Amino acid sequence: MNKGAVGRGEEKEKEKENGKEKEPRLSVNLAENVDTIKRAFSYPVNRALVVRELFAASLQREVTVLFLEGATDTESIESQIIQPLVTKTLTLLRHHNAVTVTMEEILTSSSVRTTSLFQDLIHGLVNGGTILLIQGEAQGLTMDTPGFQSRSITEPQVEHVLKGPKEAFIESAAANRSLIRKQVRDHQLMSEVVTVGERSMNEVSLMYIKNLADPDLVTEVKQRISEIQADTVPNLSMLEQHIEERSYSLIPTALLTERPDRASSFLMEGHVILIMENSPTAMVVPITFWSLFHTPEDQYLRWAYGNFIRIVRIFAVFVALLTPSLYIAVSTFHEEMLPTDLLLAIGATRERVPFPALIEVLLMEAAFELVREAAVRIPTIIGPTIGIVGALILGQAAVEANIVSPILVIIVAMTGISSFTIPEISFNFAVRILRFIILFTASFMGFFGIALTLTCVISYMVSFKSFGVPFLTPLSPHDRSSKDLIVRPPVWKQWLRPFYTNPQDKQRKKKPEGPS
């Protein structure tokens with residue numbers, strides 16, 4: 001781990017501790033404490049803050065309950081906090097401290113914490129918590145009572161599978177953590193919370209298996225999150241841009257998945273999972289190049305079936321990346337590579353097209369990107385209309401108007417369909433952008449330009465890392481793993497965890513008998 005980074009992290013921790021010492025604290029005057037909270041939320045102009053002043057019979061003191069309307073579950077507040085406070089009577093107090101008595105003997109909530117800082121109370125309120133202030137006590141109690149509205153759990157929208165679970169993450173972090181715990185029933189599954197953002201403080205849940213994940217990896221992830229300096233980081237997509245390895249890189253170094261089973265499989269390999277409120281995905285770090293090709297269905301299907309669809313997908317990536325460039329290179333620089341009949345056929349179709357091949361390809365690629373973008377933005381009910389307009393009207397009309405040749409329509413259609421098979425959306429964008437770069441180099445240097453660009457891309461991928469893990473490992477540099485890369489062995493032969501994550505337990509199970 002980078003020692004300089006560790007030093008900066010320690011300095012930041014010290015600054016935080018020093019800052020906390022200077023933060024305003026609660027006094028023993030209840031009215032004064034309540035007024036401070038009211039001022040922080042601009043009450044009574046801001047009517048979202050609900051203030052309930054009560055007399056706690058068991059404590060024989062005035063208390064005040066505060067929570068935010070719309071952010072809390074009022075039924076649990078009533079049953080777990082207010083009702084016990086006003087109805088419960090204690091004949092014998094085991095503790096003289098009212099805060100301790102309230103926390104241990106009166107409240108029935110399971111998430112009670114004490115604090116003497118106003119900042120912690122405000123943070124609890126905005127995150128759906130309820131706070132309780134007691135007359136004569138310089139400490140307040142915070143309880144988790146979140147009641148944010150969220151949709152129900154549905155099927156995945158992007159990562160469909162024919163076999164396997166049909167549940168997908170939703171915008172509730174608590175529900176997403178529950179979905180992962182449903183998959184990984186291990187008492188060592190950790191769920192730490194790191195706060196991010198200086199103005200709107202959001203919580204990031206860091207999930208990993210304690211006796212499996214590399215402690216240095218967990219420390220580095222927490223450190224990168226804690227070093228973020230931003231007003232707000234509302235979701236994982238924004239968080240990814242803050243903590244990723246290279247901000248200007250086309251290729252992603254983190255993976256977002258909407259499937260709990262996929263996130264769980266990464267956990268079992270020693271990866272770290274990040275979850276945030278308002279994010280219907282989980283972020284996986286670190287990742288390698290090979291995980292961008294994989295889908296959960298590869299493992300759910302039998303060995304041969306899973307490998308077959310994986311090979312089809314890899315072939316589709318090459319088609320999406322290279323087909324237009326190969327067309328440009330062959331038709332412009334390397335005509336001798338084509339059979340004479342095919343060359344004459346292509347020449348005949350382009351006879352009346354007034355543009356050079358590069359302009360012709362760019363026109364069709366731009367039209368396809370426009371149709372794709374429009375299909376994403378328009379309401380679902382008129383989505384098929386875009387397909388008809390794009391595929392039939394634009395394609396056929398462009399050919400009949402001699403703007404493009406028929407063979408180019410076939411090439412662009414193949415390219416577009418192939419790009420839809422790429423399961424990871426960030427990698428999909430990378431392939432689409434790289435396609436244009438290779439297209440330009442092919443128009444200048446033919447096959448040599450394509451080879452030069454691919455060499456540069458591969459050299460670049462060899463050079464960078466994802467959270468300290470080389471991007472092309474375990475192939476380059478070679479490292480031991482279950483050999484689940486381009487093709488996978490049967491599941492019973494996958495007895496090793498990938499060594500590149502440096503897992504504390506490197507074996508999933510005992511090595512099977514026979515060759516592996």
Side-chain angles (χ1 to χ4, degrees), residues 110-111 127-128 144 146 148 150-161 163-196 202-215 217-222 224-225 233-237 239-240 243 254-287 291 294-300 423-425 466-467 484 491 494 497-498 501 503-505 508:
S110 59
S111 59
N127 282 290
D144 293 335
F148 297 106
S150 64
R151 63 187 170 97
S152 57
I153 294 169
T154 56
E155 290 190 19
Q157 299 296 311
V158 179
E159 297 175 278
H160 297 285
V161 295
K163 280 187 173 182
K166 306 292 184 187
E167 292 175 331
F169 290 127
I170 60 173
E171 287 77 5
S172 165
N176 294 346
R177 288 193 295 268
S178 169
L179 288 171
I180 287 184
R181 287 203 176 273
K182 187 178 170 186
Q183 297 276 341
V184 183
R185 304 192 182 197
D186 187 335
H187 69 282
Q188 295 284 357
L189 176 59
M190 304 292 290
S191 179
E192 292 188 40
V193 173
V194 182
T195 304
V196 64
N202 294 298
E203 294 181 344
V204 182
S205 296
L206 201 80
M207 300 190 78
Y208 60 93
I209 298 179
K210 186 179 177 183
N211 58 356
L212 203 59
D214 180 10
L217 171 64
V218 176
T219 304
E220 182 170 353
V221 175
K222 283 194 284 190
R224 289 196 190 188
I225 297 172
V233 181
N235 52 48
L236 282 176
S237 302
L239 182 73
E240 179 188 3
I243 66 172
L255 186 145
L256 294 176
T257 178
E258 61 175 346
R259 296 189 61 87
D261 53 340
R262 193 176 189 201
S264 304
S265 70
F266 278 109
L267 279 174
M268 298 305 294
E269 290 183 345
H271 295 256
V272 174
I273 303 295
L274 303 179
I275 287 175
M276 278 185 77
E277 200 75 29
N278 303 320
S279 294
T281 53
M283 188 195 299
V284 182
V285 292
I287 62 162
S291 57
H294 297 173
T295 69
E297 201 157 39
D298 297 348
Q299 298 288 341
Y300 294 148
E424 219 287 320
I425 189 165
S466 168
F467 288 80
D484 179 15
V491 288
Q494 297 179 30
R497 292 191 172 87
T501 58
Q504 297 181 52
D505 181 9
R508 299 174 199 266

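Note that the coordinates shown come from a computational prediction; the quantities given were computed from them, not determined experimentally.
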Within the 4.5 Å heavy-atom criterion, are [X] and [Y] side-chain neighbours or not?
X    : Y    : answer
P156 : V158 : no
L212 : R497 : yes
P286 : H271 : yes
I225 : L206 : yes
T295 : E159 : no
M283 : I273 : no
V272 : F266 : no
I209 : M190 : no

Test salt bridge (Lys or Arg N to Asp or Glu O under 4.0 Å) applied to [X] - qualifying residues, sequence neighbours left out:
X    : answer
E297 : none
K222 : E192
R181 : none
R224 : E220, E245

Just by modelled atom types, is the [Y] backbone N or O under 3.5 Å from a matching donor or acceptor in the [X] side chain?
X    : Y    : value
T501 : E269 : yes
S264 : P260 : yes
T219 : P215 : yes
Q504 : A213 : yes

Gap between atom [atom2] of [Y] and atom [atom1] of [X] - 0.5 Å precision:
X    : Y    : atom1 : atom2 : result
F169 : L256 : CZ    : CG    : 11.0 Å
N211 : D186 : CG    : CG    : 6.0 Å
I180 : N176 : CD1   : CG    : 7.0 Å
L255 : H294 : CG    : NE2   : 11.0 Å

Under the side-chain hydrogen bond (donor to acceptor under 3.5 Å, both in side chains) test, residues paired with [X] that sit two or more places apart:
X    : result
E240 : none
D484 : Q299, R310
K182 : E167
R185 : none

Measure across A282 and A263 and return the closest heavy-atom pair with its distance rounded to 0.1 Å. CB-CB, 4.4 Å
Quick one: list whatever passes ring pair (Phe, Tyr, Trp, His ring centres under 6.0 Å) with F467, sequence neighbours left out. none
Residues forming a side-chain contact (heavy atoms from CB on, under 4.5 Å) with P296, sequence neighbours excluded: V161, R259, D261, R262, Y300
Under the side-chain contact (heavy atoms from CB on, under 4.5 Å) test, residues paired with S150 that sit two or more places apart: I170, S172
Return all side-chain donor-acceptor pairs below 3.5 angstrom for residues 274-281, not counting sequence neighbours, or 'none' if the list is empty.
unit_1: E277; atom_1: OE1; unit_2: A173; atom_2: N; d: 3.4
unit_1: S279; atom_1: OG; unit_2: L236; atom_2: N; d: 2.8

